[in-house]
Amino acid sequence: MTDDSQRRPIIIDTDPGQDDAVAILLALASPELEVLGITAVAGNVPLPLTEKNARKVCELAGRPDMPVYAGASRPLMRPLVTAEYVHGKTGLDGPELPEPTMPLQDKHAVDFIVETLLEREAGTVTLCPLGPLTNIALALIRAPEIATRIREIVLMGGGFFEGGNTTPAAEFNIYVDPHAAQTVLDAGIPLTMIPLDCTHKALTTAKRLAAIRAIGTPVAEAVAALLGFFERFDETKYGTDGGPLHDPCVIAYLLKPELFSGRHVNVVVETGSELTMGMTVVDWWRVTDRSVNATVIRDVNAEGFFDLVTERLATL
Ligand code: RIB
Ligand code: CA
């Protein structure tokens, strides 16, 4: 058993979302991690649903004690764009999950992020954004002094050689709030970006989904139903066996970084042109003199990743 002194404290910022849900379950199933709280942001579906969905997932994991906070209801500058066409109208279509009974915290998510970073020992807390970066950017704008207190930001977002999934150029999380993404990239915080180039190699194939279903627990059955719904859009779009399991890659990276590989490069977000709005311009071949501001992950050992996810889900 991992004692508290060795557990890595994290805050998950999320817009559940079926893949967010699996990421939250993976984190709650992993004793190496201490989830200090879950902050919800508008993204896949509007904030009233993302915060409720986060509470539904905590209760599914048997963790009604986990504090869930509501954050930004829209991006910094742009109107909210949602993705019911992928996630369904509830954002967690697939299984029938009961309405949550655990309360939503009164405190705003941004206040929780700032206060936690100021109270906790500097350099110990990792932020794990799984949706648009609005809450993280607002926290940095409100309290710039937290930037040097963050151990690392490990986020799912962006794409480069793989292009975009929301426009030809932009991935959803960055597209929804490109200004927030650039604010976070400008903050000088150790940052690892897990883009579509990586997550599109982590497909929920029929074999992998069957292995999760075979666990046979209520959590596993719910996850199989979540992913069975979630994958259909991308299977049709890409003609693949299964869809990309985006957000759990963030948590898996914390647990087994050896499953992933990438390089330290410069990333800039398009915030001017509507044609390429939200594009993450990744200088992978270092053709500019722009300074390194991110570790960008390009590859994942997909078998190892799904073995980890399946093994941990079986413990819930
Ligand atoms: O583009 C994939 C990302 O957008 C994932 O985080 C998914 O949950 C959606 O938020
Ligand atoms: Ca997400």
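Both counts, for ligands and for their atoms, begin at 1 and track the order of listing.
- Taking the six-membered ring for Trp, H246 and F172 have ring centres at least 6.0 Å apart.
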- Step by step, would you call T50 with N53 a side chain to side chain donor-acceptor pair (under 3.5 Å)? CA-CA 5 Å; T50 58; N53 291 342; over 6 Å; no
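- Checked against a 3.5 angstrom limit, the closest N/O atoms of H246 and ligand 1 fall outside it.
- Taking the six-membered ring where tryptophan is involved, the planes of Y69 and F112 are essentially parallel, since the angle between them stays under 30° and well short of 60°.
- Residue H264 forms a side-chain hydrogen bond (donor to acceptor under 3.5 Å, both in side chains) with just one option from T295, N293, T192, and that option is T295.
- Between R8 and E152, at least one side-chain N (NZ, or NE/NH1/NH2) sits under 4.0 Å from a carboxylate O, which counts as a salt bridge.
- Of all the heavy atoms of D15, the ones lying under 4.0 Å from any atom of ligand 1 belong exclusively to the side chain.
- Within ligand 1, counting atoms from 1 as listed, the ones closer than 4.0 Å to a heavy atom of M156 are 2 (C), 3 (C), 5 (C), 6 (O).
- Close approach of ligand 1 to N173 is summarised as follows: ligand atoms under 4.0 Å from at least one heavy atom of the residue are 3 (C), 4 (O), 5 (C), 6 (O), 9 (C), 10 (O).
- With respect to the salt-bridge test (charged N to carboxylate O, under 4.0 angstrom), the residues E121 and R149 do not qualify.
- By the 4.0 Å N-to-carboxylate-O rule, R142 lies close enough to D111 to be salt-bridged with it.
- Using a 4.0 Å cut-off to heavy atoms of E171, the atoms of ligand 1 that qualify are 1 (O), 2 (C), 3 (C), 4 (O).
- For ligand 1, the atoms sitting less than 4.0 Å from at least one non-hydrogen atom of D19 are 5 (C), 6 (O), 7 (C), 8 (O), numbered in the order shown with element in parentheses.
- The side-chain contact (heavy atoms from CB on, under 4.5 Å) test with L36 is passed by exactly one of I10, I113, T126, V125: V125.
- For atom 6 (O) of ligand 1, the choice among L155, D247, V41 with the nearest heavy atom turns out to be D247.
- Contact check on K56 versus E96 returns no salt bridge, with no Lys/Arg side-chain nitrogen under 4.0 Å from an Asp/Glu carboxylate oxygen.
- For a threshold of 3.5 Å applied to N or O pairs, the pair formed by L130 and ligand 1 contains at least one separation below that value.
- Contacts with ligand 1 closer than 4.0 Å are made by side-chain heavy atoms of N165 only, the backbone lying farther away.
- Residue, atom and distance of the protein heavy atom nearest to atom 9 (C) of ligand 1 are N44 OD1, 3.1 Å.
- The Ca ion (ligand 2) has no N, O or S atom of G43 closer than 3.0 Å.
- Under 4.0 Å from ligand 1, not a single heavy atom of T199 appears.
- Of all N/O/S atoms in D15, OD1 sits nearest the Ca ion (ligand 2).
- Between the Ca ion (ligand 2) and D247 there is an N/O/S contact shorter than 3.0 Å.
- Near D20, the atoms of ligand 1 lying under 4.0 angstrom from a non-hydrogen atom of the residue are 8 (O).
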- Stepwise side-chain contact (heavy atoms from CB on, under 4.5 Å) test for L92 and H87: CA-CA 6 Å; L92 279 188; H87 298 271; over 6 Å; no
